[in-house]
Amino acid sequence: MKVCSIETTNSSEKILSHLEKLRSEEPFIIILTPFDWMKESLEEISRFLIQNQQTEALHAIDTLKEECISMLVVPDTDEANTCATKADITAQIDHFVHLAKSHSEASYQQETDIRTTGGYLSAILCTAYLKYKGMNASLLDASEFIQLNEEQVPDIDFANIQTEPGKIYVMPTNIYRNESGEPTYLIDMYTDLYALYVAIALQAKELTLIMPTQGLHSLHHKEENKLCLTCEEAAHMLVTDDSHISHSTLFLAREKQISIRLISDNQANLPAIYIDEEKKKHDIKAITVRKDINYLRMSPLGKIPSSQVSTQALGILVTNLVPIYLFTSSSTNISVAIRVYDIFWNKILNKLSRFAKVTVEKNVTAISILGEFDWNISKVEARIIDLLKDIPILMISYGSDNQSISVVVREKDTQEVLRILSKYLSGVEPSPQSLTFAPYEDHSTWFV
């Protein structure tokens, strides 16, 4: 049994292309988010309903219905199956018509209804398309075997489903059966975590996640390469402000001994990333770059015991919900790499200045080498310091878990540091294009 979750896509053809690469074992479960174009259409319908614009809402609903049915117009399709699918589409959309005509006020339930409908419509269309392509596909209604337990997460002990050999099942993501027995959408859960619960319930050994991977890059550009990470390494490299995978997914997968394969939906040259405690490990895995952060150095003023300065400073930062990326301390100084919005700077600096002289430098970058280091024999830190001898290093930090070495440099030196480290780790001079990341990427990873 294999479970594959596809987080974003525009068409059934895209799903088929993924499926042809992945399907080596059956039965096979595809967990699907609504097509991107369908999300936009549903959002438009929702906006009209909220604004109580009946005519516009009904027109948008009719347009969505026509677009869905037009996707079924394919040659040589069995007419009986086509009629059944049209009826399924009509049944999913009809309650929107009732909402529009009733002039009812917008509600939280309406939002979940719209997401639920989007999930089912996409699953219906995908199933019909796979059937047209000659595959033994069937729609799987998640609400028939997923309900929530007291912790409001899918109850994997309750799930009871029989799968047939040689069959592909398509189901919408984040759907469950509520207390009234009706299908509804679980808004407050990551789609990857929901997919993992399904994989656990179905006793799958591997979960494949197909999702956008902005901020992830490879120095090798060879699709056949495989990147193997442990759970802790994946947490360092993949869990960011705009998470690729949630912490909960990683650590629950490790607990349940389910391996995860992450495949990029938007970067063909990024190798598949395998997350499995049993996968082969090697010394250095990746370089990460975090931009748009601030460097802050504190020198004790002697007003409180030196042993309390670190504790006091950390307490102020944590109390004010300041993200702390790196922290080092010595007998004379404390250094931190943090992110602080301008409106909070004065408040934080005033509190820190009561017991320390504070020096601030904004617009710096934290660059980390991630892997597994034996500090007693590797001497990696000495080599890195030597490599960067011509770069002003504001701060250097050795990971307490033997999995990272980090330096803080000025933003203008970021590209040169990345070039030097990439050449050292890969053995070849990287092209400028391979080290370029989008302006909106404040956290990027280059796999070695």
Side-chain angles (χ1 to χ4, degrees), residues 5-10 12 30-72 84-128 139-149 152-155 158-159 170-195 197-198:
S5 174
I6 304 178
E7 184 163 306
T8 179
T9 189
N10 283 308
S12 298
I30 301 173
I31 305 176
L32 192 65
T33 58
F35 295 142
D36 293 343
W37 62 267
M38 192 175 294
K39 290 178 186 176
E40 295 174 3
S41 181
L42 290 168
E43 288 170 1
E44 181 182 46
I45 292 171
S46 176
R47 185 170 66 254
F48 288 139
L49 290 174
I50 289 171
Q51 296 171 352
N52 214 356
Q53 295 178 266
Q54 183 186 42
T55 303
E56 291 82 356
L58 289 171
H59 177 72
I61 292 167
D62 285 340
T63 301
L64 174 61
K65 183 177 178 180
E66 290 171 3
E67 289 175 347
C68 290
I69 292 177
S70 69
M71 292 185 68
L72 304 175
T85 307
K86 288 180 180 178
D88 293 334
I89 291 172
T90 300
Q92 289 293 328
I93 291 179
D94 270 354
H95 76 281
F96 283 140
V97 177
H98 297 311
L99 269 175
K101 291 182 176 179
S102 66
H103 296 281
S104 59
E105 294 184 0
S107 65
Y108 176 84
Q109 185 59 47
Q110 178 183 305
E111 183 181 359
T112 61
D113 284 348
I114 288 173
R115 296 198 186 199
T116 303
T117 298
Y120 277 111
L121 287 174
S122 295
I124 289 168
L125 294 174
C126 181
T127 304
L139 179 67
L140 184 62
D141 190 344
S143 68
E144 292 182 359
F145 71 101
I146 295 290
Q147 67 179 28
L148 303 188
N149 59 22
Q152 296 303 296
V153 298
D155 189 344
F158 165 80
V170 183
M171 60 180 284
T173 191
N174 286 40
I175 302 293
Y176 73 100
R177 188 177 71 193
N178 62 21
E179 295 177 354
S180 303
E182 300 169 340
T184 191
Y185 190 91
L186 186 59
I187 289 179
D188 300 324
M189 177 171 283
Y190 292 110
T191 55
D192 55 274
L193 181 57
Y194 177 90
Y197 277 116
V198 173

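Note: hydrogens, waters and symmetry copies are ignored here, and every other heavy atom, side chains too, is used.
- At least one donor-acceptor pair under 3.5 Å links the side chain of S70 to the backbone N or O of E67.
- Atom CD1 of I175 is separated from atom OG1 of T184 by 7.0 Å, given to the nearest 0.5 angstrom.
- The minimum heavy-atom distance between A123 and L139, with the atom names listed, is CB-CD1, 3.4 Å.
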Q. Can you check side-chain contact (heavy atoms from CB on, under 4.5 Å) on S41 and F35, steps first, answer last?
A. CA-CA 10 Å; S41 181; F35 295 142; over 6 Å; no
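- Taking both residues in full, the closest heavy atoms of T117 and Q92 are given as CG2-O, 3.6 Å, listed atom of the first, atom of the second, then distance.
- Note that OG of S122 is 11.0 Å distant from CD1 of I6, once rounded to the nearest 0.5 Å.
- Judged by distance alone, the side chain of T116 and the main-chain N or O of Y185 form a donor-acceptor pair under 3.5 Å.
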Q | Derivation of the side-chain contact (heavy atoms from CB on, under 4.5 Å) call for L42 and S46 | A | CA-CA 6 Å; L42 290 168; S46 176; over 6 Å; no
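- Minimum heavy-atom separation, R177 to E144: NH1-O, 4.5 Å.
- Between L125 and M38, the closest heavy-atom pair is CD1-CE, 3.8 Å.
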**Q.** Residue pair Y190, T173: steps toward the side-chain contact (heavy atoms from CB on, under 4.5 Å) verdict
**A.** CA-CA 10 Å; Y190 292 110; T173 191; over 6 Å; no
Q. Would Y120 and D141 count as a side-chain contact (heavy atoms from CB on, under 4.5 Å) if you check the C-alpha gap in whole Å, the side-chain angles of each, and the deciding distance to 0.1 Å?
A. CA-CA 8 Å; Y120 277 111; D141 190 344; 2.4 Å; yes
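- Checked by atom type and distance alone, the side chain of Y176 never pairs as donor or acceptor with a backbone atom of V153 at under 3.5 Å.
- Nearest heavy atom pair, residue E7 against residue T191, reads OE1-OG1, 3.0 Å.
- How far CE of M189 is from CD1 of I187: 12.5 Å, rounded to the nearest 0.5 Å.
- The two residues N149 and P154 have their closest heavy-atom pair at ND2-O, 4.2 Å.
- Here the CG-CE distance, from L121 to M71, works out to 10.5 Å after rounding to the nearest 0.5 Å.
- Distance check, rounded to the nearest 0.5 Å: CG of L140 to CG of L32 gives 12.5 Å.
- Rounding to the nearest 0.5 Å gives a distance of 11.5 Å between CD1 of I89 and CG of D94.
- Looking at heavy atoms from C-beta onward, H59 lies in side-chain contact with T63 at the 4.5 angstrom threshold.
- At least one side-chain heavy atom of I146 sits less than 4.5 Å from a side-chain heavy atom of Y194.
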